[in-house]
Amino acid sequence: MVERLATTCGPLELANPVLAASGTFGYGDSFERFWPLSLLGGFVTKTLFVAPRDGNPAPRVAETSAGMLNSIGLANVGWEAFVRDKAPRVNALRGRSRMIVNVAGNAPEEFGEIAARVEADRDVVRCDAVEVNVSCPNVKEGGTNIGCHIGQFRDAVRRVRAATTLPIFVKLSPNVADVVPFALCAADEGAEGVSLVNTLYGMQIDTERRAPVLGTGSGGLSGPAILPVGVHWVFKVRAALPELPILGIGGITTWRDALQYLMAGAQAVQVGTASFVNPHACPDILAGLDRWCASRNVAIRDVVGAAHRVGEAVEEPVWTG
Amino acid sequence: MNPGAVRTLPLVEVEDVSKGTYWLRFHAPAGFACDPGHFFMLSSPENGAPFLGRPLSIGDVHGERFGFLVRALGGATAWFRTLPVGSPIRLVGPLGRPFLQPERSVHCMVAGGIGLAPFFYLARRLRATQPGARIELRYGERSADAHAPLMEAEGELFDVVERFTDDGSLGARGTVVDGLDDRLGDPNAAWYACGPHAMLRALARRLDEAGATDVQFSLEERMACGFGVCQACIVPNRSGKPRYRLLCMDGPVLDPREVAW
Ligand SMILES: Cc1cc2nc3c(=O)[nH]c(=O)nc-3n(C[C@H](O)[C@H](O)[C@H](O)COP(=O)(O)OP(=O)(O)OC[C@H]3O[C@@H](n4cnc5c(N)ncnc54)[C@H](O)[C@@H]3O)c2cc1C
Ligand SMILES: Cc1cc2nc3c(=O)[nH]c(=O)nc-3n(C[C@H](O)[C@H](O)[C@H](O)COP(=O)(O)O)c2cc1C
Ligand code: FES
């Protein structure tokens with residue numbers, strides 16, 4: 001695409017700032033029927049564990065006001081099948097688009113194990129970075145969320161860092177009082193960047209059945225409803241750690257939503273739930289960003305963090321209806 | 001429309017059929033093609049409420065129009081009914097695996113409630129490709145006022161329509177599953193069914209006991225994407241390996257003997 005959309009997120013050179021988010025893009029080849037993968041700045045795979053997982057019982061999704069709840073339960077094909085069946089196919093399709101492999105485990109030690117597998121297979125898989133999904137329950141510790149406990153969080157990130165030299169992005173949970181200490185911890189442990197946010201805890205109750213709708217009771221909230229939450233935390237992390245590369249996630253459905261994240265301080269964004277409803281969401285957002293940059297005669301790099309530069313001269317606001 | 005096209009089309013017609021049930025019709029754009037049993041995800045292009053797309057089976061393709069037979073059960077299905085003609089609707093599809101159409105002398109369709117939806121188009125296709133075959137519809141509803149009239153379809157699409165109601169207020173009393181005796185065990189029959197889970201489960205057992213082999217059910221499960229990425233639409237697999245299958249990719253039409261009911 002055009003040079004004005006090019007951006008850099010830490011070690012990642014991106015042709016444009018639009019990536020597809022984990023769990024909403026399969027392993028990279030699910031949208032081939034709609035548009036070519038090579039259009040994207042990059043994409044993040046579904047969370048991979050060492051062993052395959054079946055995931056949770058149905059129902060696994062529910063619609064909410066301007067969003068959805070999911071309790072998929074990190075169903076995935078497992079590392080071996082990914083390396084054998086998915087990666088070669090996706091590599092043939094992706095062109096310059098960056099592949100980020102998202103990994104997790106049921107306890108901090110398992111994060112180290114999966115990271116070691118990624119490192120061992122890195123020449124076959126040819127991924128550009130690893131995203132660490134700490135927002136899953138620690139099965140060993142009775143299901144507490146690893147990403148919400150700074151001790152377990154540090155342990156998991158440290159083990160991943162020790163196991164691989166690939167760039168690491170730690171995906172942060174918004175289900176904490178303050179996300180900033182977790183971003184700081186990730187940076188301390190040598191992560192190249194952070195991705196935020198993952199889904200927010202939520203529940204919906206079927207008032208006729210007098211029971212939760214989701215098979216697991218609670219789930220993760222995503223979609224337009226969480227846009228301001230993600231923008232808030234990206235802004236706060238950027239303010240506290242201006243040098244830390246950020247991939248902004250949460251509720252992006254339009255190019256203007258993406259622009260909010262960039263201005264809050266993310267170098268690039270990930271689009272999730274929106275692609276379920278409109279499979280063309282990513283290319284539509286890209287086209288919108290390109291039009292906006294052209295009309296304002298700016299490059300994407302110029303607007304990253306713009307909302308922090310209060311007092312800096314900006315063009316008179318123009319009412320565009 | 002290639003498999004998986006995304007199109008925003010204006011609503012051309014809304015026609016009420018019976019209590020709570022209506023047709024949503026569109027003009028078929030150039031290149032539109034789909035098979036009986038395929039489904040589409042319908043949503044608002046304005047990212048409004050409802051937010052997620054809703055799966056609907058292709059109801060009929062006839063002349064220059066295609067349509068969906070919809071029952072208002074909740075937020076989205078009630079909302080579609082309120083849309084004025086001309087409203088833009090986003091359609092993603094056709095999606096999923098459609099019905100196979102084996103060559104048989106008898107085609108038996110069994111519908112429970114809004115499970116009637118896919119059978120107009122299936123019957124229309126079978127009429128065209130197997131003009132000599134007999135097409136039977138067994139159609140059950142809870143009550144008489146929910147029954148779709150089917151005046152034109154009877155004769156044109158179906159050789160016979162047998163109706164059932166739980167209370168006997170229209171047609172035979174009982175469920176469609178009670179009304180199969182004359183056909184059970186017919187080795188020339190192909191079976192197609194769509195309806196509530198409990199009905200399909202009971203029907204699967206009856207057909208299995210009768211030794212029917214040519215059986216296809218169109219199932220329902222909650223969906224967020226409709227094309228295999230969200231992992232929402234799981235159906236427990238009889239063999240257990242894998243434990244679940246995705247209804248939007250492997251279905252919605254499945255052999256009931258492969259499902260762990
Ligand atoms: C492949 C497929 C084809 C379908 N074809 C048709 C069709 O041709 N005509 C038609 O009227 N309906 C069809 N359905 C069902 C239709 O998708 C649901 O009725 C609709 O999604 C409910 O949305 P809502 O917002 O109106 O209801 P909600 O308020 O979400 O729910 C109302 C009720 O419907 C149930 N429900 C919610 N989502 C689904 C779902 N995806 N499948 C089944 N039940 C659901 C809920 O549990 C609840 O009991 C089909 C479903 C599938 C999976
Ligand atoms: C159905 C579904 C599955 C998801 N699966 C994963 C996953 O496997 N790993 C992960 O890190 N995030 C997962 N996510 C979270 C998204 O990547 C994203 O962080 C979140 O949905 C917020 O962005 P959105 O509002 O654009 O969807 C999932 C989200 C949804 C809706
Ligand atoms: S509906 Fe998303 S995977 Fe089937």
Side-chain angles (χ1 to χ4, degrees), chain A residues 20-35 46 52-77 81 206 208 213-215 219 222-225 251 253-254 257 272-281 283-284, chain B residues 1-8 40-55 73-77 79 88-96 197 219-237 240-249 260:
Chain A
S22 180
T24 64
F25 203 65
Y27 302 96
D29 54 353
S30 302
F31 281 68
E32 267 308 297
R33 62 162 97 190
F34 300 116
W35 41 268
K46 175 76 191 166
R53 282 167 66 101
D54 295 324
N56 291 325
R60 290 177 165 187
V61 293
E63 168 142 341
T64 63
S65 300
M68 65 177 280
L69 288 167
N70 89 80
S71 59
I72 305 300
L74 301 171
N76 75 98
V77 296
D206 181 331
E208 293 308 313
V213 171
L214 295 181
S222 65
T253 54
T254 68
D257 300 341
T273 305
S275 297
F276 295 163
V277 190
N278 173 15
H280 283 290
D284 285 357
Chain B
M1 208 182 289
N2 317 320
V6 184
R7 285 216 138 97
T8 299
F40 290 75
M41 295 294 283
L42 275 73
S43 60
S44 154
E46 267 108 43
N47 287 326
F51 172 64
L52 293 173
R54 294 299 196 277
L73 287 178
T77 47
W79 179 77
I89 298 182
R90 185 194 290 116
L91 294 101
V92 181
L95 299 166
H197 191 85
L219 273 64
E220 291 185 1
E221 189 42 75
R222 279 171 185 261
M223 296 185 170
C225 71
F227 48 90
V229 287
C230 74
Q231 310 276 309
C233 59
I234 46 166
V235 179
N237 202 8
K241 276 190 182 138
R243 179 145 173 218
Y244 299 120
R245 289 193 296 171
L246 295 180
L247 189 66
C248 70
M249 299 297 281

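- Of the two parts of B/Arg243, the backbone and the side chain both hold a non-hydrogen atom closer than 4.5 Å to a non-hydrogen atom of chain A.
- Of all heavy-atom pairs between A/Gly26 and B/Val229, the closest is N-CG1, 3.8 Å.
- Proximity to chain B (any heavy atom under 4.5 Å) is shown, for A/Ser71, by neither the backbone nor the side chain.
- Once rounded to the nearest 0.5 Å, the distance linking CD of B/Gln231 with CG of A/Asn56 reads 12.0 Å.
- Residue B/Met223 comes nearest to A/Val61 through the heavy atom pair C-CG2, 4.3 Å, listed as atom of the first residue, atom of the second, then distance.
- Shortest non-hydrogen contact noted between A/Ile72 and B/Cys230 is CD1-O, 3.1 Å.
- Of the two parts of B/Pro45, neither the backbone nor the side chain holds a non-hydrogen atom closer than 4.5 Å to a non-hydrogen atom of chain A.
- Listed options B/Gly53, B/Pro50, B/Ser44 were ranked by heavy-atom pairs under 4.5 angstrom with chain A; first place goes to B/Pro50.
- For chain B, the nearby part of A/Val213 is the side chain; its heavy atoms alone come within less than 4.5 Å.
- Proximity to chain B (any heavy atom under 4.5 Å) is shown, for A/Pro57, by both the backbone and the side chain.
- Using a 4.5 Å cut-off between heavy atoms, A/Phe31 touches chain B through its side chain atoms alone.
- Neither the backbone nor the side chain of A/Asn70 comes within contact range of chain B; no heavy atom of the residue lies under 4.5 Å from a heavy atom of that chain.
- Considering only heavy-atom pairs separated by less than 4.5 Å from chain B, the leading option among A/Gly67, A/Ala274, A/Ala75 is A/Gly67.
- In plain terms, the two heavy atoms of A/Phe276 and B/Cys225 that are nearest each other are CD2-CB, 3.7 Å.
- Looking at heavy atoms from C-beta onward, B/Arg222 lies out of side-chain contact with A/Leu214 at the 4.5 angstrom threshold.
- Closest approach of B/Phe227 to A/Pro279, counting heavy atoms only: CE2-CG, 3.8 Å.
- When every heavy atom of B/Ile234 is checked against every heavy atom of A/Ala58, the shortest pair comes out as CD1-N, 3.7 Å.
- Of the inter-residue distances, the one linking B/Asn237 atom CG with A/Asp54 atom CG reads 10.5 Å to the nearest 0.5 angstrom.
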